[in-house]
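One structure is given here, and the rest of the page talks about it.
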Amino acid sequence: MNFKKFFIAPIKGYQYISRMLPGNCRYYPSCSEYAKWQFEFNAPHKALTASSLRILRCNQLFKGGIDYPLVEYTPPKWMDLLRFNQFCGKIVIIYWLVPKAGTPQYYVLKDFDATTIEYPFTT
């Protein structure tokens, strides 16, 4: 079993239940969405640490606001991308990685419209 799926499954269960309750997270994206993105892009120990710190900040003592997850990422070389596109064809972009100035870290932004498009090759 994939470790990402192991850690993301309880978060998705929580998100399903929390849709029935009023939203009360002080941050955007919500703490559960933030944790899900962290587990999709980081190693489990880094994601657990970042998610736990975010949940501890989600209270009246902190201002809240927009807080996108930061991930470390090394972009592939251009020629690798060209070979990948030739092999796979059209790619559906779900996440955007926006570089943080002066660091090798990137902000993760999700394109919510990309998840609603139905493609014939998905099941």
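Quick caveat, the model's predicted, so the values are computed rather than measured. Sequence positions, counted from 1, serve as the residue numbers for this chain.
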Heavy-atom distance under 4.5 Å between the side chains of Tyr107 and Leu70, does that happen here? yes
To check you understand the geometry: which heavy-atom pair defines the closest contact between Asp67 and Pro29, and what is its length? O-CD, 3.6 Å
Report yes or no: do Trp37 and Val98 belong to one cluster of Ile/Leu/Val/Met/Phe/Trp/Tyr joined by side chain heavy-atom distances under 4.5 Å? yes
Whether the side chain of Arg26 engages the backbone of Phe62 through a donor-acceptor N/O pair (distance < 3.5 Å, no angle test) should be reported. yes
For the residue pair Phe39 and Ile8, what are the closest heavy atoms and their distance? CB-CG1, 3.9 Å
Between Tyr68 and Tyr34, is there shared hydrophobic-cluster membership here, with clusters defined by ILVMFWY side-chain heavy atoms closer than 4.5 Å? no
Looking at side-chain heavy atoms only, is the closest gap between Glu33 and Gln15 below 4.5 Å? yes
How about Leu48 and Gln38: do any of their side-chain heavy atoms sit closer than 4.5 Å? no
Shortest non-hydrogen separation from Ser32 to Ile11 and the atoms involved: O-CG2, 3.4 Å
Note, Phe6 side chain near Pro44 side chain (heavy atom, < 4.5 Å): no
If you round to the nearest 0.5 Å, how far is OG of Ser18 from OH of Tyr16? 11.5 Å
Do the side chains of Val108 and Phe41 get nearer than 4.5 Å, heavy atoms only? yes
In the single-linkage hydrophobic clustering (I, L, V, M, F, W, Y; side-chain heavy atoms under 4.5 Å), do Leu109 and Tyr106 co-cluster? yes
Is the closest side-chain heavy-atom distance between Ile66 and Tyr27 below 4.5 Å? no
No-hydrogen, no-angle side-chain donor-acceptor test under 3.5 Å, Tyr95 and Glu40: yes
Note, Lys36 side chain near Lys4 side chain (heavy atom, < 4.5 Å): no
